[in-house]
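Computed from a prediction, not measured in an experiment: that's the story for all the values here.
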Amino acid sequence: MAKTIFTNGKIYTLDKNQPFVESVVVENGNILDLGAHEDMMLQWGREGTKIVDLQEKMATPGLIDSHMHLSGVAFQFLDLNLTGVTSKREMIEKIRERANVTSPGKWLTGLGFDENLFDDGEMPTIQELDEAAPHCPVFIKRICHHAFLVNSKALEMANYHPSMEVPTGGSIVLDPDTKKPTGLLLESASTLITDRMPEKTYEELKHGLSLAMEYAMKSGLTSIHTNDPRYLGGLDQTYKMYDELLNQERKGLRCNLLIDYPFLDRLKETGMYAGYGNDTLQIGAVKIFADGAFGGRTALLSEPYLDASGKYGEAMHDQETLFQMVKEARDHSMPVAIHTIGDQAVENVLQVLEQFPSVKHRDRIIHVSLLREDLIRRLAKPSLVADIQPRFVVGDYPWVQDRLGKERIKYLYAWKSLLSAGVMCAGGSDAPVEPVDPLLGIHAAVTQRHPRETHNGWNEKEKLSMREALEVFTIGGACATNEEGRKGTIAPGKLADMTVFSRDLFEIEHPDELLDTEIEMTVIGGEIVYRK
């Protein structure tokens, strides 16, 4: 295969041995050499060598999203996408418009709404949903995927009755006066509906996934870590779909698949394990939930919510069950990736993990949204990675202050404290909960605020430098899957993955210039998979 020289660039390698170069030489998908433009052209620029002029643009190691649900992004292309809707009125109108072109009895599914953005009240009631879509069942996922809205038709399809059993960890919210459903379901109560919904066809799901991959690469991502089996028909179908798209059809994006705990037995049966696969598609850790989210007050806290007396949130599992789940993963030499938002959830998970020896691949604690000094110290281990989502600041402030109060807010999204304590951190979006665009995540990391806001940050002391932010979205993502020897920096022998930007992020005068920065080029294995 012919060599390619990416040259005439401002290439920040994030490698301490050779931090800045002008040219990178690629052969067979790997970095062969790098250095000054004249040197690389003199040594490698022979006839037949492909030359790519970066036009003095900034390039970095390929950006990595360490935690997302690519299937959820796919559904944004397939279902009613309510992301960014700013009023209940607009949401109802969009549901009505979709209902008008939906056949009677056919499910109307949607996702992405956030009532905290609404300027006209709370989330829609079941009566409003019934009026908007009287002839079809409605099922809408909130942006956090921990709360769901349904209409009466959907409850009817689920054979709802007041005494029906609700799955552990979930609830059907009732009107305090009428004792009738409000249309809001929390956590696992959603399975009462989803278990009765027809599944999308294999081809529909695969098409949506293909569009989501293209969108991720257009956003500058070269690798993602994604959690999908619950939404793509189980382990076998999920792996088959990714294998076809990535290894057979060569879509380009590198994907590491987190496997939900209920599919662990099947994983053992197939003979797959953490690291199974190749540089393009790999099996990752076992995904487990320890708690919920701040929005529905289901994140597990060590002290009660300030705005809900006596309410501490919800543990998804008691400690004995959590121990057994981790033990089952360890019996298969698997690492775990555990969703923990509240500080008590973090403590519960650490108590369990500290009872087991580490395995080859690092364990991951996902979100670590609310912490304490003692927990930050306990997270600083070479066998552990904290998956952080900087954009959560945008979704959670200012209302989260009312949930937690001034004292605890000091340890909310404490990214700087984590890095300063030596905790390995990997940056992600949790898309579709937050946008795929990693530049928005980097902006949140360096500003601790919403793009539309002008203050100095909700938690100013926890803001990251531009370099730190880039490192959690490159080196950190590589460490999360034990691939720091293959990606995360630009160095000889590593995968030729790079992201090229329209401006130099290290030279911008104000972080809001990130919002006008564009992805010029996405390079995976030396191939240009996206070009503006």
Between Arg96 and Glu93, is the closest basic N to carboxylate O distance under 4.0 Å? yes

Under the ring-ring contact (aromatic ring centres under 6.0 Å, His included) test, which residues partner Tyr411, sequence neighbours left out? none

Determine all donor-acceptor pairs shorter than 3.5 Å in which one atom belongs to a side chain in residues 167-178; sequence neighbours excluded.
residue, atom, partner, partner atom, Å
Asp175, OD1, Asp177, N, 2.7
Asp175, OD1, Thr178, N, 3.1
Thr178, OG1, Lys180, N, 3.2

Does Lys287 make a cation-pi contact with Phe289, if we ask for NZ or CZ under 6.0 Å from the ring centre and within 45° of the axis? yes

Considering residues, nucleotides and ligands other than Tyr276, do more than 12 of their heavy atoms fall under 6.0 Å from its OH? no

Would you check if Leu264 and Ile259 make a side-chain contact, meaning some heavy-atom pair closer than 4.5 Å? no

So, Arg266 and Glu269, do they make that salt bridge, N to O below 4.0 Å? yes

So with a 6.0 Å cut-off around CD of Glu320, is the heavy-atom count from everything else above 12? no

Anything under 30° is parallel, anything over 60° is perpendicular, the rest tilted; go ahead and classify His67 against His69. perpendicular

For Asp79, check salt bridge (charged side-chain N to carboxylate O under 4.0 Å, His left out) against everything at least two apart and list the hits. Lys200

How about Glu244 and Lys240: do any of their side-chain heavy atoms sit closer than 4.5 Å? yes

Salt-bridge contact Arg297-Asp307 (side-chain N to carboxylate O under 4.0 Å): yes

Within a strict 4.5 Å, meaning less than it, do heavy atoms of the Phe113 and Lys94 side chains meet? no

Check each of Ile288, Asp291, Asp430 against His339 using the side-chain contact (heavy atoms from CB on, under 4.5 Å) test, and report the only one that passes. Asp291

Go through it in stages, so that I can follow the logic: the residues are Phe294 and Tyr305, the test is ring pair (Phe, Tyr, Trp, His ring centres under 6.0 Å), and I'd like the CA-CA distance, side-chain angles, deciding distance and then a yes or no. CA-CA 9 Å; Phe294 291 130; Tyr305 282 88; 7.0 Å; no

Residues forming a side chain to side chain contact (heavy atoms under 4.5 Å, CB included) with Asn459, sequence neighbours excluded: Gln448, Lys461, Glu462

Which pairs count as side-chain hydrogen bond (donor to acceptor under 3.5 Å, both in side chains) when at least one residue sits in residues 207-219, sequence neighbours excluded? Ser210-Lys251, Glu214-Lys251

Could you tell me which residues satisfy ring-ring contact (aromatic ring centres under 6.0 Å, His included) with His161, sequence neighbours excluded, listed by chain and number? none

